[in-house]
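I have placed the structure first, in the form of structure tokens, so that the comments after it can refer back to it.
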Amino acid sequence: MIEVIATLLRWSQLASNMILVGACVFLAIAGSIHSPWVSRLERALPWLAVILLAGLLGILATTTAQATGVAENVWRPEAWMALVQNTRMGQIWVGRAACALLVAAITLYIRFSAPARWQYILCATVAAAALTVGSLASHAAAEDLSLVSILPYALHIIMASIWFGALPAFLVVCFACTEEPAPGETKGAGAARPGIQTEAIQRIHAVFQSRQQTVQADTLALKRFSSYALPVMLGVIATGLIITYRMVDNSYGALVSTSYGWLLDAKVGLLVVVLVIASRARSTWLPLFSESADSDLGRAGGQRLRKWVSFEFMLALGIVLLATIVANTVPAKHAIIQEWPYSFRFSLAATWGDPTVMARVWSGVGLLATGGAIWAFGRLKHWDRKLRLGLPALLAVIASGVALPPLAIDAYPETYRKTPVPFDTISIANGSAYFAENCVACHGLQGKGDGVMAKSFAKPPVDMLTEPHTAKHTAGDFFHWLTYGIADTGMPSFGDKLSEEDRWDVVNFLHAMSRGYQARLMSPKVNPEQPQPNMSPPNFSYSAQDGSSGTLKDFRGQKNVLLVLFSWPESKERLAQLEQLHAKLSAANTVLLAVPEDDPTEQELAEVINNVSFPVVTQGDDEIVQSYVLFRRTLSKPDLLGPPTVPPHMEFLVDRFGYLRARWIPNADGPGWSSADMLMQQVAQLNREGEILPPPGDHVH
């Protein structure tokens, strides 16, 4: 129950704040300071400020109860004060409350002073400041408290306020302009004496002229609102797209399968209806009313304007309510889609490249473009509205039928399920063991689909190494196939044989194997400013002989990492070179970690340790080696057939943002980093770069 009350309180304070902004902006630009409706709006402003303050107080009370988990705290001011003093949320509330109090004072001043535009501008500015402070509590601010993150949200809510908040003022003007004159103003003077009759007619004429002037001034105010409403609405849509992109990221499936997505869809649906009404009002009813307000046609336009703008305002209230709920719902990119409700999904990655698919998609795009051209031409030539809209709509339906089906692929309840097991070396090593035990007979030692049993199937197992099969499907797809098998292919189910965590380990191994094949394009040279999203190396935990320990992720945002996989004594000379470079690498903000590939004896390990001062991993090395040897392939040595051939020495350069940027394999890449200057040049390049991509995630998708 408290959640419902909290939502209604947030809605009331947000709506009142937005109306304060929009109404004051409308008053400032209306140019009808002395019209009767102005005083009506001015009387309403203090009440809106009271609703804003009451809503903020209610939000503080309910938030305190929700944050503490104690329902009784909704009535305890001391608990409220503790929240205000000890939390960022409380500090934001103080800023909002201060702005709201200032708004209340300004509205009272406006109410009891002569009308002036500067008052309205001041009130709108302070009310907009209250909204801006409130944006500090948005999803965007929670993830990244920066101007870049906050600005789109703040602009979105302010521009939405200029449109939505002005609708009540627009309606007040509409009702004022379409009110019937008082009976005394139009009453005939036939019963009066002749001398008085002339005076009465003159008075009525003067009243009529005054009314005409007022109506003209007020319709001018409506036109001004209509003229600025269009660019404001375009701004609302543009900033809304930016916010949605950030809150959805690549989780487009969440738009049609999560609470956040359904609420957002409903909000967009209402907005579309509002835009249709606004377009009709701007193009037809307002011009009709403003050009002949006192004619039957003008009055009909005015009545339609009142009716439909009233409906538009009710829809806008619904949009604000949905926005309030969305603001307190887990964003799409963080929402967990446990069960995908559809048997299909659309995927360019899995379908694009097929000539038939591409031809149909481009045909659909062409039909859509044709529909748009027909609509524009029909509008220019003043076609009948049904024909002008119906024909493009028909083409849009046909275009969807042509272009969308080829992009659809099978989907499963687990398709968008996020992996609960991190993409790290332990999981990959475990997955490698399960793959070797259960999958090699069909899929082959390296996942190419060339196992000893592959020829016994009518359709050979897919090549999961060299073909982009893994990139075309989600981690949830693979989990489903591992759990239930694939009908009519010979792929068995492993749901009873492998635990859920084991199956996710296999999924992580498949992704690591696929990324390793993509790494064949890497070289000892860093591609400047070009980190690859699919080149995030597996995280690992380690302990070293010098007492140091941690994870690869610990260095993120701080230092580059040179990871050296070595064999003994084959790498003896190279380790000696690295020992001489160690001080320079440290000075260049780069950590050197050495990991033995083989299983050295205690005597061999002691010999290594005695000759180097940098950390040599002694715990966690097996998992690191099993995972990173998957990145061994080069263009000159693809290593695709038979058992894998592990190079005796490999070095990887990971930038401080968590991306694998360069790799050197001496027996495949030549001299490479044996030149100290070349290695230091690559490190210097990484140090010159700022953050280009956000840090890679901990899970595959």
Side-chain angles (χ1 to χ4, degrees), residues 425 428-429 432 444-448 450 465-466 512-527 532 535 537-538 540 560-582 585 590 592-601 604-605 607-608 611-612 614-617 621-655 659-683 685-686:
T425 56
I428 293 168
S432 174
L445 290 168
Q446 302 192 47
K448 277 185 55 60
D450 57 356
L465 179 67
T466 60
M513 187 170 61
S514 178
R515 293 185 190 188
Y517 181 72
Q518 298 301 318
R520 74 193 188 283
L521 304 175
M522 300 188 72
S523 73
K525 291 187 178 181
V526 170
N527 287 327
Q532 298 301 313
M535 281 295 107
F540 57 79
N560 308 309
V561 176
L562 179 62
L563 182 66
V564 178
L565 272 58
F566 70 91
S567 302
W568 190 263
E570 290 87 345
S571 301
K572 184 174 183 178
E573 182 179 348
R574 176 57 180 167
L575 291 180
Q577 292 175 340
L578 290 172
E579 173 62 21
Q580 295 177 356
L581 277 174
H582 184 211
L585 288 168
T590 301
L592 196 161
L593 289 177
V595 183
E597 281 189 7
D598 44 15
D599 189 14
T601 64
E604 290 173 332
L605 186 59
E607 188 175 353
V608 173
N611 285 280
V612 299
F614 47 79
V616 177
V617 175
D621 50 316
D622 288 341
E623 293 83 2
I624 295 173
V625 171
Q626 288 185 63
S627 299
Y628 279 81
V629 295
L630 297 173
F631 293 78
R632 68 186 178 276
R633 293 181 174 86
T634 66
L635 291 174
S636 61
K637 294 190 176 183
D639 189 15
L640 298 177
L641 302 175
T645 304
V646 179
H649 190 95
M650 303 173 66
E651 297 183 15
F652 302 90
L653 193 54
V654 180
D655 69 22
Y659 289 94
L660 180 58
R661 300 296 301 278
R663 180 206 57 194
W664 177 51
I665 303 176
N667 65 0
D669 296 323
W673 293 347
S674 59
S675 167
D677 289 341
M678 181 181 180
L679 175 58
M680 296 308 298
Q681 286 171 6
Q682 311 315 308
V683 172
Q685 173 61 43
L686 296 184

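These values consider heavy atoms only, across backbone and side chains, with no hydrogens, waters or symmetry-generated copies. Along the sequence shown, the residues carry numbers beginning at 1.
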Between CD1 on residue Ile624 and CD on residue Glu597, distance to nearest 0.5 Å: 12.0 Å

Value rounded to 0.5 Å, distance of CZ in Phe566 from CG in Leu578: 10.5 Å

Pairwise side-chain contact, Leu605 with Val616, heavy-atom cut-off 4.5 Å (strictly under): yes

Check: Leu581 and Leu592 side chains under 4.5 Å, non-hydrogen atoms: no

Heavy-atom check, side chain of Lys525 versus side chain of Met678, under 4.5 Å: yes

Heavy-atom side-chain proximity of Met522 to Gln532 below 4.5 angstrom: no

Aromatic plane relationship, Trp664 with Trp673 - under 30° parallel, 30 to 60° tilted, over 60° perpendicular: tilted

Closest non-hydrogen atom pair between Val625 and Pro596, with its separation: CG2-O, 3.4 Å

Pro647 backbone acceptor or donor facing Lys637 side chain under 3.5 Å: no

Test item: Gln626 and Thr425 side chains (from C-beta on) under 4.5 Å apart, heavy atoms: no

Non-hydrogen atoms of His649 and Pro666 that approach each other most closely: O-CD, 3.3 Å

No-hydrogen, no-angle side-chain donor-acceptor test under 3.5 Å, Gln518 and Arg515: no

Short side-chain to backbone donor-acceptor contact, Asp639 and Thr645, under 3.5 Å: yes

Atom of Met650, atom of Phe652 and distance for their closest heavy-atom approach: CE-CZ, 3.3 Å

Asp669 CG to Glu651 CD distance, which is reported to the nearest 0.5 Å: 10.5 Å

Ser571 backbone acceptor or donor facing Arg574 side chain under 3.5 Å: no

Gap separating the NZ atom of Lys448 from the CG atom of Leu640, nearest 0.5 angstrom: 5.5 Å

Note, Leu585 side chain near Met680 side chain (heavy atom, < 4.5 Å): yes

Side-chain heavy-atom pair Phe631, Pro538 within 4.5 angstrom cut-off: yes

Sidechain-backbone polar pair: Arg663 side chain, Ala519 backbone, donor-acceptor under 3.5 Å: yes

Thr601 side chain vs Glu604 backbone, donor-acceptor pair below 3.5 Å: yes

Heavy-atom side-chain contact between Phe614 and Val564 under 4.5 Å: no

CZ on Arg661 to CG on Leu686, rounded to 0.5 Å: 5.5 Å

Of Leu565, Ile428, Val595, the residue whose pairing with Tyr628 passes side-chain contact (heavy atoms from CB on, under 4.5 Å): Leu565

CG-CD distance between Asn527 and Gln682, expressed to the nearest 0.5 angstrom: 9.5 Å

